[in-house]
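Shown next, in structure tokens, is the structure this report addresses.
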Amino acid sequence: MSSVRSHRRSVISEAVAPWGDIARLLRGGEAGTLLPVIIPKHRRRLWWMLPLWVGGYALLSGVMLSLKESGSDGLGGMAAGALATLSYVVGVLLLVIGGLWWWRSSIVEIEQGTHGVLTRYGAVVRTLDAGRHYLWHPWSRVDFVVDTATEIPYSAPVMACPTQENVPLRSIEFFLKFRITDAVLFVRTIGAGNFDLVLSSAVQDAIRQRARRVRTERAYDLRGSDVADMQDLLNRQLDRYGVRITGCNIPDVQLPAQYQQHLATREQVAKERTAYEQEWGLIRKRRIDSLGMDIERAKKTRDARIVEVRAALNRAREEVAQLLERQETEAQRVRFEIETRGRSGLIAAENEARAQQALAKAYRDNRAVLQYELARRRLEVGSRLAGKAPRPVVVRTDGGADTSALSTLFTAQMLPRLTTGDRVLNGSALLPGEDGGHEER
């Protein structure tokens, strides 16, 4: 399809043309008109039936003449035979001519990228793909040839389109591409002429809805903006006609003249502002560079001072380390002295404790000896006292409770004598020893 001139609405229509012009009209249109549908001028007439009927009549006449020739003799029979032969020849020739005419008129060639709508008695039968087809039925014909492969460009400028502030824009140029997906649905439901009105109305409605959501100063943002939502909206509206929108955009937006002057002023101010910003950027860059150099010098000075401070810090650390080392050495010396004195005192205390322990042991041994000696002397004193103690005399009597006076008198006379004899025996048994004690003999 040839593209239409800019700022001019495309026109979609259909045309009636012979088969030889269909390809040219579908590809190039006619006088700025888009022609996605062509109604072909049919070359099929019923004249091809005339030779067939005449040929059949000639053959029938030949048969009749042959029958007449067989029933007659002489010159009449010869004439009938010649006429019968001529009738046969003419009939066969007419039948051949009629058949060839019928064959030639039934040939239909569909252009590549198009579909033909086949009808019979006015009813749609099916669609014909690209290539050669034979329509043997006398009343079968191709009513429409529809371009279903080409993406047809369509331009629809919308005039006086108001924005969000109700400022009418001069025009918004809208460009789209569509393709016919169902040839039968397109030609039977809406047709090319009506589709032009429907598409123009749908595009204007979509553009006006989009412009109503845009502020006037941002109207130029519509150029090249994303219109996928508008494409989806148009596809939902045109899907029932067998048409699919394959792409669309807004190539141009024209504002009112007065507003364009304001925008020109704003652009000039913006350019001046940009120039001032660039100049200020250069000044700012120079200042930043000078500040950067100052900062670098300050960093170098700071680094030198940091090195000096670190050197002083290292010296101070070394002095502190030496001082700490001396103090630690002195502390170790004092600690060693204290430990030495402590060990000496500990050894002396242990020796003294051992001496005390030995002395205590000796005391314990002496005490045991003394206790033994004391116990021995106690025994000696006890034995001496036992020797000097009076002995009891037990007088046994009979088991009666009453005693006679004679026995009691005799006992009283004998007791003093027994006691004196025991004392004499005990005195002769103990002799004095050399150490002042007594020696037993």
Side-chain angles (χ1 to χ4, degrees), residues 1-4 8-15 22 25-30 32-40 110-119 122-130 142-159 161 172-214 222-252:
M1 286 291 186
S2 63
S3 60
V4 297
R8 182 178 178 184
R9 190 179 73 86
S10 301
V11 178
I12 302 174
S13 181
E14 59 189 13
I22 289 178
L25 293 175
L26 287 176
R27 296 294 180 265
E30 185 178 19
T33 303
L34 304 176
L35 299 175
V37 179
I38 300 296
I39 302 174
I110 304 300
E111 185 71 19
Q112 182 66 33
T114 62
H115 282 80
V117 180
L118 179 65
T119 61
V124 176
V125 178
R126 60 188 177 91
T127 59
L128 301 178
D129 297 332
V142 177
D143 283 346
F144 304 95
V145 177
V146 184
D147 189 354
T148 57
T150 306
E151 292 184 349
I152 304 171
Y154 182 83
S155 178
V158 182
M159 305 297 179
C161 186
I172 298 178
E173 189 75 19
F174 188 75
F175 178 80
L176 60 87
K177 295 181 296 182
F178 69 91
R179 185 169 62 87
I180 299 173
T181 57
D182 193 333
V184 176
L185 187 62
F186 181 78
V187 299
R188 287 304 182 190
T189 304
I190 188 169
N194 295 330
F195 179 73
D196 179 63
L197 298 177
V198 171
L199 181 59
S200 175
S201 176
V203 167
Q204 289 195 14
D205 184 53
I207 288 294
R208 292 182 186 279
Q209 289 181 8
R210 172 60 66 88
R212 275 295 185 182
R213 299 197 298 268
V214 178
L222 291 175
R223 293 182 295 186
S225 61
D226 186 13
V227 291
D229 55 342
M230 299 174 61
Q231 182 176 344
D232 295 339
L233 176 63
L234 292 175
N235 279 326
R236 287 195 299 270
Q237 293 178 359
L238 303 178
D239 186 62
R240 60 178 177 269
Y241 303 128
V243 178
R244 182 72 180 175
I245 305 296
T246 59
C248 56
N249 63 352
I250 301 176
D252 188 23

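None of the values given here were measured: they were computed from a predicted structure. Note that these values count all heavy atoms, side chains included, but never hydrogens, waters or copies made by symmetry.
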Spatial distance of atom [atom1] ([X]) from atom [atom2] ([Y]) [nearest 0.5 Å]:
X: Phe178; Y: Asn235; atom1: CZ; atom2: CG; answer: 12.0 Å
X: Phe175; Y: Asp252; atom1: CZ; atom2: CG; answer: 13.5 Å
X: Arg223; Y: Asn249; atom1: CZ; atom2: CG; answer: 12.5 Å
X: Leu222; Y: Phe174; atom1: CG; atom2: CZ; answer: 11.0 Å

Indicate the atoms forming the closest heavy-atom contact of [X] with [Y], along with that distance.
X: Leu185; Y: Asp239; answer: CD2-O, 4.3 Å
X: Ile110; Y: Asp129; answer: CB-O, 3.4 Å
X: Ala156; Y: Val203; answer: CB-CG1, 3.7 Å
X: Cys161; Y: Ala211; answer: SG-CB, 3.3 Å
X: Asp147; Y: Thr114; answer: CA-CG2, 3.9 Å
X: Pro40; Y: Val142; answer: CG-O, 3.2 Å

- Item | Identified salt bridge (charged side-chain N to carboxylate O under 4.0 Å, His left out) counterpart of Glu151 within the set Arg244, Arg179, Lys177 | Lys177
Hey, are the side chains of [X] and [Y] touching, using non-hydrogen atoms and a 4.5 Å cut-off?
X: Pro157; Y: Ile172; answer: no
X: Ser200; Y: Tyr154; answer: yes
X: Arg240; Y: Thr189; answer: no

Using only atom types and a distance under 3.5 Å, with no angle test, would you say the side chain of [X] pairs donor to acceptor with the backbone of [Y]?
X: Glu14; Y: Ile39; value: no
X: Asp205; Y: Ser201; value: no
X: Thr148; Y: Ile180; value: no

- Query: Pick one: which of Ile152, Asp196, Leu176, Leu34 meets side-chain contact (heavy atoms from CB on, under 4.5 Å) with Ser10?
  - Reply: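 The single option meeting the side-chain contact (heavy atoms from CB on, under 4.5 Å) with Ser10 is Leu34.
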- Any side-chain donor-acceptor pair under 3.5 Å between His115 and Thr127?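 The answer is no; no qualifying pair exists.
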- Task: Any chance you could lay out the side-chain contact (heavy atoms from CB on, under 4.5 Å) test for Arg210 and Asp229, step after step, and finish with the verdict?
- Result: CA-CA 10 Å; Arg210 172 60 66 88; Asp229 55 342; 2.5 Å; yes
